[in-house]
Amino acid sequence: MSLIPENSSPKTVVALFSIKDLDSGENGRTSCSIEDQLPFALKPAFKNYYELVTEKPLDREKDSQYVITITATDSGSPSSLTTTEDITMQISDINYNAPLFNRAFCTMYVHENNNPTALIGPVTAVDQDLGQNANVKYSIMPARKVDQSLYSYISINSENGNIYVLRSLDYELITNIDVLVQASDFSSPPLSTNVTVHVTITDENDNSPVILFPPQNSSSASVDLAPRTAEAGCLVTKVVAVGGESAQKPWLSYQLFGATDSGLFMVEL
């Protein structure tokens, strides 16, 4: 078995051999050939010697091994004689494939009030090279126009690409985090590829509504007057409140929690 790098240039000599026929005259004249459609060719060297050379670019990721059958034929008459010999050519790996993600952008979700060090999902890159050149490590890279303090919230396992949230998140403070993940191989110099991970924080109903009117700045109850002659359906006052959550949960409903006489008053839902 012979070993040849996949980046070998055309016309590279990969084998040198000789052919000998013990007959004399035309019966001893020989010729050599190999199969068609191979990235190799036979070139006469000197006397009965031949060179096996590369003829086309090699790609280990497509074909990692070739079995080349060399056929030697004499010029004997009335019939020629032939002999065959197989040469196994192993293509060695050269690191020219960077790790590849299956997409250039991905979105992950995490609920607010999450547990610290919660796993939110993995990213995976595959390297088509061989051996050490195919090993991949992951890291988080600084991105332009991004608040760098947000990177303290996110961590990645360098070996398997699992992404973790290191702190408990609050949707009312942070709604999303964009991080740039790099996958690189172990060659020198390493080849790498990046993917943008968009982490979306999902809202939970964890904040009570806030009453704006009547003002809640004292311990005494708000006082409103209604005429003694007021009929049913007369407007006495309005209560104004806002939700403590984000705009995704803006709807509020109202009900009487307690009244001196529950039959005298009602509040619209």
Show me the side-chain donor-acceptor pairs of residues 57-66 shorter than 3.5 Å, one per line, residues at least two apart or across chains.
from  : atom 1 : to     : atom 2 : distance (Å)
Asp59 : OD1    : Glu61  : N      : 3.0
Asp59 : OD1    : Tyr96  : OH     : 3.3
Arg60 : NE     : Asp93  : OD1    : 3.3
Arg60 : NH2    : Gln128 : O      : 2.9
Glu61 : OE1    : Asn97  : ND2    : 3.2

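- Looking at every heavy atom in both residues, Ala98 comes nearest to Ser192 through CB-O, 4.0 Å.
- For Pro189, the side-chain contact (heavy atoms from CB on, under 4.5 Å) test picks out no residue, with sequence neighbours left out.
- Applying the salt bridge (charged side-chain N to carboxylate O under 4.0 Å, His left out) test to pairs two or more places apart or on separate chains, none has a residue in residues 118-139.
- Of the possible donor and acceptor atoms, none in the side chain of Asn95 sits under 3.5 Å from a partner among the backbone N and O of Ser187.
- Considering only residues two or more places apart in sequence or on other chains, Asn157 meets the side-chain contact (heavy atoms from CB on, under 4.5 Å) condition with Glu159, Asn160, Asn162, Tyr164.
- Pairing each heavy atom of Tyr50 with each of Ser31, the nearest pair is OH-CA, 3.7 Å.
- In this structure, Leu16 shares a hydrophobic cluster with Phe46, Tyr49, the cluster being traced through Ile, Leu, Val, Met, Phe, Trp and Tyr side chains under 4.5 angstrom apart.
- Contact detail for Glu6 and Ile94: the closest heavy-atom pair is OE2-N, 2.7 Å.
- Scored by the ring-ring contact (aromatic ring centres under 6.0 Å, His included) test, Tyr109 finds no partners at all (sequence neighbours excluded).
- Minimum heavy-atom separation, Phe17 to Cys32: CE1-SG, 4.1 Å.
- Taking CG of Leu52 as the start and CZ of Phe40 as the end, the distance is 6.5 Å to the nearest 0.5 Å.
- Under the side-chain contact (heavy atoms from CB on, under 4.5 Å) criterion, Phe213 pairs with Pro215, Thr237, Val240, not counting sequence neighbours.
- Not a single ring-ring contact (aromatic ring centres under 6.0 Å, His included) links Phe257 to another residue, sequence neighbours left out.
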Could you list the donor-acceptor pairs under 3.5 angstrom formed between side-chain atoms of residues 113-124 and any protein atom two or more places apart in sequence or on another chain?
from   : atom 1 : to     : atom 2 : distance (Å)
Asn113 : ND2    : Asp206 : OD2    : 2.8
Asn114 : OD1    : Leu169 : N      : 2.9
Asn114 : ND2    : Arg167 : O      : 3.0

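- The two residues Pro214 and Ile211 make their nearest non-hydrogen contact at O-CG2, 3.7 Å.
- One hydrophobic cluster, built from ILVMFWY side chains closer than 4.5 Å, holds both Val14 and Ile34.
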Report all side-chain donor-acceptor pairs from residues 71-86 shorter than 3.5 Å, counting only partners two or more places apart or in another chain.
from  : atom 1 : to    : atom 2 : distance (Å)
Asp74 : OD1    : Gly76 : N      : 3.2
Asp74 : OD1    : Leu81 : N      : 2.8
Asp86 : OD1    : Thr69 : OG1    : 2.7

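- There is a path of hydrophobic side-chain contacts, each under 4.5 Å, that joins Ile156 to Met108.
- A donor-acceptor pair is defined here as one N or O able to donate and one able to accept, closer than 3.5 Å; such a pair exists between the side chain of Thr54 and the backbone of Thr12.
- Residues meeting the side-chain contact (heavy atoms from CB on, under 4.5 Å) test with His198, sequence neighbours left out: Phe105, Thr107, Asn176, Asp178, Thr200.
- Using a 4.5 Å heavy-atom threshold, the side chains of Leu166 and Tyr153 count as separate.
- Between the side chain of Glu112 and the backbone N or O of Asp170, no donor-acceptor pair lies under 3.5 Å.
- The minimum heavy-atom distance between Ala125 and Val136, with the atom names listed, is O-CG2, 4.1 Å.
- Sequence neighbours left out, not one pair with a member in residues 34-56 passes salt bridge (charged side-chain N to carboxylate O under 4.0 Å, His left out).
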